[in-house]
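Each ligand, and each atom within it, is numbered from 1 in the order the structure gives.
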Amino acid sequence: VIPGWFSEISPMWPGEAHSLKVERILFQGRSDYQDVMVFQSSTYGKVLVLDGVIQLTERDECAYQEMITHLPLCSIPNPKKVLVIGGGDGGVLREVSRHSSVVQIDICEIDKMVIDVSKQFFPDIAIGYEDPRVNLHIGDGVAFLKAVPEGTYDAIIVDSSDPIGPAEELFKKPFFESVAKALRPGGVVSTQAESIWLHMHIIQDIVANCRQIFKGSVNYAWTTGPAVDFKHPVNPIDANQDTCKSKAPLRFYNPEIHTAAFCLPSFAKKVIDSI
Ligand code: AAT
């Protein structure tokens with residue numbers, strides 16, 4: 001550990017640790033579920049850390065929040081009811097709210113401290129909560145989904161932390177079975193499925209489970225209900241984005257990157273194609 005630097009050390013990535021220089025620590029707390037920390041970094045803006053693992057930085061959050069949201073929402077025409085599991089910072093809500101066809105945005109985040117901290121330190125991300133279509137539920141995403149009536153949602157976005165800690169069950173087959181039930185036919189799901197460099201085995205398990213459950217088009221790093229060509233946008237974002245004027249425009253997502261995001265390096269393609 002280098003003094004004055006934050007190092008991301010986890011059994012999820014043995015033998016390596018991404019480090020950022022710390023200007024100052026802005027918040028440190030312990031919730032019922034995890035350690036919560038916010039620090040000001042030298043070059044990545046403010047950083048949100050849960051149990052020692054970086055969840056977002058102000059500099060690059062667009063790449064994650066925009067892609068995990070617009071890949072599914074631009075893949076089906078007129079999404080109306082959307083569920084977010086996790087995502088307590090509000091970034092995915094901000095992105096969902098760019099879609100004018102959406103009438104209802106439910107979110108189920110387990111940890112209220114993440115929400116409070118985001119509202120305090122990340123106003124440009126927590127702005128997602130200001131949309132009147134948002135209904136916040138604080139609780140475990142697994143339990144929430146079990147209670148959802150069959151065929152409720154057009155899209156479900158699983159913005160979850162890593163499978164060590166409170167998100168463990170969100171990577172297992174029974175969870176994806178409840179996701180499938182909660183989706184209407186032709187609905188779509190995207191999920192945080194980890195990195196091809198570090199976690200090919202996790203990705204393999206998720207894709208294998210989802211190919212059994214969803215039967216239709218299932219691809220890294222996202223899964224979908226049947227009869228959807230997920231690889232090419234059918235519902236372009238440009239036409240309907242920016243329903244909320246105070247939000248900054250998209251920084252990362254566009255229709256070209258949507259299609260390109262499904263092109264994988266050979267080693268990963270080989271694994272996914274063989275499942
Ligand atoms: N958009 C920021 C990125 C995240 S946040 C993941 C969120 O999932 C956290 O707020 C966490 O509290 C919440 N969460 C974890 N488990 C559950 C659960 N069982 N039910 C509901 N919410 C949950 C993810 C970044 C991933 C980084 C990968 N290295």
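Looking at ligand 1, you won't find any N or O of Gln55 less than 3.5 Å from one of its N or O atoms. Remark: ligand 1 and Gly141 share an N or O pair separated by less than 3.5 Å (distance only, no angle test). Considering backbone and side-chain N/O atoms, Ile110 comes within less than 3.5 Å of an N/O atom of ligand 1. Polar contact with ligand 1: absent for Glu194 (N/O pair, distance under 3.5 Å). Residue Gln34 has at least one nitrogen or oxygen atom sitting less than 3.5 Å from a nitrogen or oxygen atom of ligand 1, judged on distance alone. Here's the thing with Trp13: none of its N/O atoms is less than 3.5 angstrom from an N/O atom of ligand 1. For ligand 1, none of its N or O atoms has an N or O atom of Val114 under 3.5 Å away.
Annotation for ligand 1: atoms under 4.0 Å from non-hydrogen atoms of Tyr64 are 1 (N), 3 (C), 24 (C). Heavy-atom proximity to Ala167, at under 4.0 Å, picks out these atoms of ligand 1: 15 (C), 16 (N). Every atom of ligand 1 is numbered from 1 in the order shown, and the set under 4.0 Å from a heavy atom of Gln192 is 26 (C), 28 (C). The distance from ligand 1 to the heavy atoms of Gly87 drops below 4.0 Å at these ligand atoms: 7 (C), 8 (O). The ligand atoms of ligand 1 that sit less than 4.0 angstrom from a heavy atom of Cys108 are 21 (C), 22 (N).
Ranking protein heavy atoms by distance to atom 28 (C) of ligand 1, first place goes to Asp162 OD1, 3.0 Å. Distance from atom 19 (N) of ligand 1 to its nearest protein heavy atom, with residue and atom name: Asp140 OD1, 2.8 Å. For atom 11 (C) of ligand 1, the nearest protein heavy atom (residue, atom name, distance) is Glu109 OE2, 3.4 Å. The protein heavy-atom contact nearest to atom 2 (C) of ligand 1 is Asp89 OD1, 3.0 Å. In this structure, the protein non-hydrogen atom closest to atom 3 (C) of ligand 1 is Asp159 OD1, 3.3 Å. Among protein heavy atoms, atom 27 (C) of ligand 1 sits closest to Ile54 O, 3.9 Å.
Counting only heavy atoms from C-beta outward, the side chains of Asn209 and Lys172 never approach each other to under 4.5 Å. Leu48 places none of its side-chain heavy atoms less than 4.5 Å from the side chain of Ile54. In this structure, the side chains of Asp111 and Val36 come closer than 4.5 Å at one or more pairs of heavy atoms. With contacts defined as side-chain heavy-atom distances shorter than 4.5 Å, the pair Phe171/Ile202 qualifies. Contact annotation: the side chain of Val218 never approaches that of Gln212 to less than 4.5 Å [non-hydrogen atoms, C-beta and beyond]. For the pair Leu136/Cys108, no side-chain contact is recorded, criterion being any heavy-atom separation below 4.5 Å from C-beta on.
Tyr253 and His70 have tilted rings, their planes meeting at an angle from 30° to 60° on a 0 to 90° scale. Using cut-offs of 30° and 60° for the angle between ring planes, the Phe176 and Phe214 rings count as perpendicular.
Under 4.0 Å from ligand 1, the heavy atoms of Gln65 that appear belong solely to its side chain. Neither the backbone nor the side chain of Glu169 has a heavy atom within less than 4.0 Å of ligand 1. With a heavy-atom cut-off of 4.0 Å, Leu48 does not touch ligand 1 at all.
Ligand 1 lies within reach of Leu50, whose nearest heavy atom is under 4.0 Å from it.
One finds a salt bridge joining Arg30 and Asp35 here, because a Lys/Arg side-chain nitrogen approaches an Asp/Glu carboxylate oxygen to under 4.0 Å.
Across Gly91, Ser10, Ser160, Ser161, heavy-atom proximity to atom 15 (C) of ligand 1 is greatest for Ser161.
Side chain of Arg24 to backbone of Phe39: no donor-acceptor contact under 3.5 angstrom is found.
Donor-acceptor pairing under 3.5 Å is lacking for the side chains of Tyr33 and Asp51.
Counted within 6.0 Å of NZ on Lys173, heavy atoms from surrounding residues, nucleotides or ligands total more than 12; the atom is thus considered enclosed.
Interatomic distance, OG of Ser161 versus CE of Met12, reported as 10.0 Å (0.5 Å rounding).
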Query raised in the report: Would Arg251 and Glu61 count as a salt bridge (Lys or Arg N to Asp or Glu O under 4.0 Å) if you check the C-alpha gap in whole Å, the side-chain angles of each, and the deciding distance to 0.1 Å?
Result: CA-CA 10 Å; Arg251 287 198 284 157; Glu61 52 96 6; 3.6 Å; yes
